[in-house]
Participant: 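One structure, as structure tokens, below. Some questions next.
Within every chain, numbering begins at 1; the chains are lettered A, B, ... in the order of the sequence lines, protein sequences first and strands thereafter.
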2 protein chains.
Amino acid sequence: MAPSTPSAIFESLGCCSPLSGNALSETDAESIAAMFAVLADPVRLRLLSLVANQADGVCACDLVTVLDRSQPTISHHLKVLANAGLLDRDKRGRWVWYTVRKDRLAPLGDLFA
Amino acid sequence: MAPSTPSAIFESLGCCSPLSGNALSETDAESIAAMFAVLADPVRLRLLSLVANQADGVCACDLVTVLDRSQPTISHHLKVLANAGLLDRDKRGRWVWYTVRKDRLAPLGDLFA
DNA sequence: TCAACATATCGACCAATGTCAATATCGATA
DNA sequence: TATCGATATTGACATTGGTCGATATGTTGA
């Protein structure tokens, strides 16, 4: 006989807790959400794309002038991106050069496959 | 002769504004950031994965019991996901069934390619 | 050593948002 | 119609986070 309520449908599949099968764990969800939170800002997205479009990296001094934000704000966003592992930071004398970590970006794309 | 300052390097490439080449526009960055903001919450990520793992969709009544959140909170998150176009909402009598919109998720993955 | 410049940090402010209790709405069924 | 159960909305609260002015740190070159 067919189950009548929604949860009964899941229970009829033979498992104890209906939906916990191959779903995201709480800790996995938190770490993935943290990565998406880093990407959930238009200024950071533009910084990331600006850096990604220059194979040899970009000087922070140029990033400050391009977007319409103050120097502390750009510095803050670059730090967030670097702390998330999406940008590599390379100090060369007085300047700081950033390059994109494609090996860190790719796994995020796999989540949508 | 090699340019001495970082910005001079970009200007030597022959373009007016150094980094604006194929980078994200402000409006594009805003809309993409909005999509990532939807995904930047662990409860929403788990809801999405729970729905995605059931080919025939999931009843909201079951989603309420699985995660450790109140019914209004789950309802709120489902609304956010549906408004973003990531979930389809289908009201069947007293219950609401959700299915995932894979065609809306896939383009987000392409951003990392 | 000093001045100028690039970058980082601090402190404060304001907007956005996740959360829940209470309540409303809507559909099914007796 | 009346009641019950599923879902949505409202209002309030606390937290988070983007932003900037002011300032600190660190590096270069005179």
Participant: NA contact type, Arg92(B), heavy-atom cut-off 4.0 Å: base, sugar-phosphate, or nothing?
Facilitator: nothing
Participant: Distance under 4.0 Å to a non-hydrogen atom of chain A counts as contact; along DNA chain D, which nucleotides mark the start and end?
Facilitator: dG18(D) to dT28(D)
Participant: With sequence neighbours excluded, give me every salt bridge (charged side-chain N to carboxylate O under 4.0 Å, His left out) pair touching residues 99-113 of chain A.
Facilitator: Asp88(A)-Arg101(A), Arg101(A)-Asp103(A)
Participant: Could you pull out all residues at least two apart from Ala84(A) that satisfy side-chain contact (heavy atoms from CB on, under 4.5 Å)?
Facilitator: Met35(A), Val38(A), Leu86(A)
Participant: Once you round it to whole Å, what is the distance between P of dA3(C) and CZ of Arg94(A)?
Facilitator: 16 Å
Participant: With sequence neighbours excluded, give me every ring pair (Phe, Tyr, Trp, His ring centres under 6.0 Å) pair touching residues 24-51 of chain A.
Facilitator: Phe36(A)-Phe112(A), Phe36(A)-Phe36(B)
Participant: Taking side-chain contact (heavy atoms from CB on, under 4.5 Å) as the definition, give me every residue that meets it alongside Ala60(A), ordered by chain and number, with sequence neighbours left out.
Facilitator: Leu78(A), Tyr98(A)
Participant: Go through residues 71-79 of chain B and report each residue with a non-hydrogen atom lying under 4.0 Å from DNA chain D, sorted by number.
Facilitator: Gln71(B), Pro72(B), Ser75(B), Lys79(B)
Participant: Under the rule for side-chain contact (heavy atoms from CB on, under 4.5 Å), what residues qualify as partners of Ser49(A), not counting sequence neighbours?
Facilitator: Asn53(A), Ala23(B), Leu24(B)
Participant: Using salt bridge (Lys or Arg N to Asp or Glu O under 4.0 Å) as the criterion, list what pairs up with Asp28(B), not counting sequence neighbours.
Facilitator: none
Participant: Going by the rule side-chain contact (heavy atoms from CB on, under 4.5 Å), which residues pair with Ala33(B) if we only count those two or more places apart in sequence or in a different chain?
Facilitator: Pro42(A), Leu45(A)
Participant: For residues Trp95(B) and Cys61(B), report the shortest heavy-atom separation together with the two atoms involved.
Facilitator: CD1-SG, 4.0 Å
Participant: With distance as the sole test, does Arg46(B) use its side chain to make a donor-acceptor pair with the main-chain N or O of Val66(B) at under 3.5 Å?
Facilitator: no
Participant: Measure CG/Asp90(A) against C1'/dA6(C) and give the value in whole Å, please.
Facilitator: 15 Å
Participant: Nearest whole Å is fine: how far is dT7(C) C1' from Asp62(A) CG?
Facilitator: 14 Å
Participant: Residues from residues 25-43 of chain B sitting under 4.0 Å of DNA chain D, heavy atoms only?
Facilitator: none
Participant: Using heavy atoms to find the nearest nucleotide of DNA chain D for Gly93(A) and Val80(A) separately, return the residue whose nucleotide is more 5′.
Facilitator: Val80(A)
Participant: Sequence neighbours left out, what passes side-chain hydrogen bond (donor to acceptor under 3.5 Å, both in side chains) with Thr73(B)? Give chain and number order.
Facilitator: Ser70(B)
Participant: Could you note down all residue pairs passing ring pair (Phe, Tyr, Trp, His ring centres under 6.0 Å) where residues 62-93 of chain A supplies at least one of them, sequence neighbours left out?
Facilitator: none
